[in-house]
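Throughout, numbering of the chain's residues begins at 1 and tracks the sequence. Nothing here was measured: the structure is a model prediction, and the numbers come from that model.
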Amino acid sequence: MLKKEELSREIRKMCQQKQAVILAHYYTVGEVQDVADFIGDSLALARKAANTDAKIIVMCGVHFMAETCKILSPDKLVLVPDMNAGCSLADSCKAEDLAKYKAEHPGYKVVSYVNTTAAVKALTDVVVTSGNAKKIIDSFPKDEKIIFGPDYNLGSYINSVTGREMLLWNGGCHVHERFSVEEIAKLKKQHPQALVMAHLECKGPVLAMADVVGSTAVMLQYAQKHTEQQEYIVATEAGILHEMERTCPNTRFYPVPPAVSEGGVGCHCNECEYMKMNTLQKIYDCLKNETPSVTVDETVAREAVKSINRMLELS
């Protein structure tokens, strides 16, 4: 078996030979981020890949992210290191359930978080990210009837800052759901000068404690801009700390632990076990064998891309 350094070299060699690009989400392990061509949030990565001349995209993240890559790059081969890398948030909103809910609420626009399957995006009027959700919701008339899903915490936050009364889908990310006020308070007591950063997928009381709220990109950019601030308490998936520490070497970042430590899904501290399924060995194998690949039904993709394009128009 090849060592990490050898795997990285062979991966980069195959990328050159096969005209492949590697995309890595901020929540993957550091060595995966280090071997990637681009790191970032899911939609930004998919758009970046679509604008390259690569023939192959390796999406190191979770399954819905690979679907988004395929929607935006239908002629490219989209590979994933592990087909089992799913997403609790995307799984919380099934397309058949959303279709039924839409039928029960005629006249409502459907706004879906980007963390959804292609089939859900196909039922959606406009997709949003945590970074542009408020701007896009503000673009609708004040009396517009809106179904927002699947992240309840993000939707609740947008309701609170816009004065809307959107119908909220009861879904969530199992990692962000576990952050608590109590754990943040403990860290704040240990590091009183630290600012608190929290992702918008966290619960309301956690966001209320935060000095900086936003997407992973917003938190990263804030730390990069405010170099005078030496300490941060970070309430999001711990993978982001790799890029934070790389780009802000003189700053200390403290990850918030989960509120509980029970068995089952989500028990691995403040990490997403699905993101951590992406490894150098699996990247090497999928590039070498050009499998497993992700496909999206053409009819579904044709409808799903409309909701993404609508978002780009509004943002």
Side-chain angles (χ1 to χ4, degrees), residues 4 7-8 11 22-46 48 58-66 68-69 80-82 84-90 113-115 129-131 151 153-154 172-179 183-184 187 196-202 206 210 212-224 232-249 251-259 261 265-283:
K4 290 181 181 179
L7 279 172
S8 296
I11 287 168
I22 298 174
L23 313 179
H25 193 273
Y26 288 128
Y27 295 164
T28 55
V29 296
E31 63 198 41
V32 168
Q33 295 183 43
D34 290 340
V35 81
D37 294 279
F38 307 108
I39 61 172
D41 289 330
S42 60
L43 184 61
L45 288 174
K48 181 78 73 173
V58 181
M59 180 67 237
C60 302
V62 295
H63 193 269
F64 82 79
M65 298 178 185
T68 306
C69 287
V80 291
D82 194 321
N84 293 315
C87 172
S88 60
L89 178 54
Y113 194 22
V114 70
N115 295 28
T129 67
S130 52
D151 192 278
N153 292 327
L154 175 58
C173 165
H174 71 278
V175 175
H176 290 94
E177 284 280 329
R178 292 164 62 86
F179 294 122
E183 294 298 331
I184 294 174
L187 278 173
V196 177
M197 292 180 163
H199 196 283
L200 288 169
E201 292 176 26
C202 294
V206 170
V212 181
V213 297
S215 65
T216 46
V218 165
M219 290 188 280
L220 179 61
Q221 290 163 9
Y222 187 94
Q224 292 169 342
Y232 292 96
I233 293 166
V234 184
T236 192
E237 210 278 352
I240 186 63
L241 269 68
H242 181 75
E243 183 66 4
M244 285 179 164
E245 291 168 348
R246 187 186 72 80
T247 58
C248 305
T251 306
R252 296 294 302 275
F253 299 95
Y254 309 108
V256 179
S261 184
V265 173
C267 66
H268 304 293
C269 193
N270 48 11
E271 297 182 344
C272 172
E273 67 272 26
Y274 300 120
M275 288 286 187
K276 270 48 180 182
M277 288 180 177
N278 296 278
T279 66
L280 289 180
Q281 184 64 55
K282 291 177 183 177
I283 296 170

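A distance of 11.5 Å separates CD1 in I233 from CD in E183, rounded to the nearest 0.5 Å. Note that the CG atom of L200 and the SG atom of C173 stand 12.5 Å from one another [nearest 0.5 Å]. To the nearest 0.5 Å, the span separating NE2 on H25 from OG1 on T216 amounts to 5.0 Å. A distance of 7.5 Å separates CG in D41 from OH in Y27, rounded to the nearest 0.5 Å.
In this structure, the side chains of N84 and M277 come closer than 4.5 Å at one or more pairs of heavy atoms. M65 places none of its side-chain heavy atoms less than 4.5 Å from the side chain of V80. Looking only at side-chain heavy atoms (C-beta outward), C69 and L45 stay at 4.5 Å or farther from each other.
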Check step by step if side chain to side chain contact (heavy atoms under 4.5 Å, CB included) holds for F253 and C248.
CA-CA 9 Å; F253 299 95; C248 305; 4.0 Å; yes

As a quick check of understanding, evaluate side chain to side chain contact (heavy atoms under 4.5 Å, CB included) for L89 and E201, giving each step before the final call.
CA-CA 10 Å; L89 178 54; E201 292 176 26; 4.2 Å; yes

Run the side chain to side chain contact (heavy atoms under 4.5 Å, CB included) check on T236 and M197 step by step: do they pass?
CA-CA 8 Å; T236 192; M197 292 180 163; over 6 Å; no

Where do S215 and T129 land on the side chain to side chain contact (heavy atoms under 4.5 Å, CB included) test, with the steps shown first?
CA-CA 8 Å; S215 65; T129 67; over 6 Å; no

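At a threshold of 4.0 Å, the pair E243-R246 counts as salt-bridged, since one of the basic side-chain nitrogens sits closer than that to a carboxylate oxygen. Electrostatic pairing of E237 and K276 counts as a salt bridge here, judged by a charged N lying under 4.0 Å from a carboxylate O.
When all heavy atoms of G61 and A85 are compared, the closest pair comes out as O-CB, 3.7 Å. Across all their heavy atoms, Y113 and D151 have their closest contact at CD2-CB, 3.9 Å. Considering all non-hydrogen atoms of both residues, C60 and T28 come closest at O-CG2, 3.4 Å. Closest approach of F179 to P257, counting heavy atoms only: CD2-O, 3.9 Å. Closest non-hydrogen pair, V256 versus N270, comes out as O-ND2, 3.0 Å. A pairwise comparison of heavy atoms in N115 and S42 identifies OD1-OG, 4.4 Å as the closest pair.
D37 contributes a side-chain N or O that, together with a main-chain N or O of I22, makes up a donor-acceptor pair within less than 3.5 Å. A side-chain donor-acceptor contact under 3.5 Å links Q33 to the backbone of Y26. No donor-acceptor pair under 3.5 Å is formed between the side chain of D82 and the backbone N or O of N278. A donor-acceptor pair under 3.5 Å is absent between the side-chain atoms of K4 and the main chain of L280, judged by distance alone.
Ring-centre distance between H174 and Y274: below the 6.0 Å cut-off.
Ring geometry, H199 versus H176: the interplanar angle falls from 30° to 60°, so the pair is classed tilted.
Counting non-hydrogen atoms of other residues, nucleotides and ligands closer than 6.0 Å to NZ of K282 gives a total above 12.
Remark: R252 engages no residue in a salt bridge (charged side-chain N to carboxylate O under 4.0 Å, His left out) (not counting sequence neighbours).
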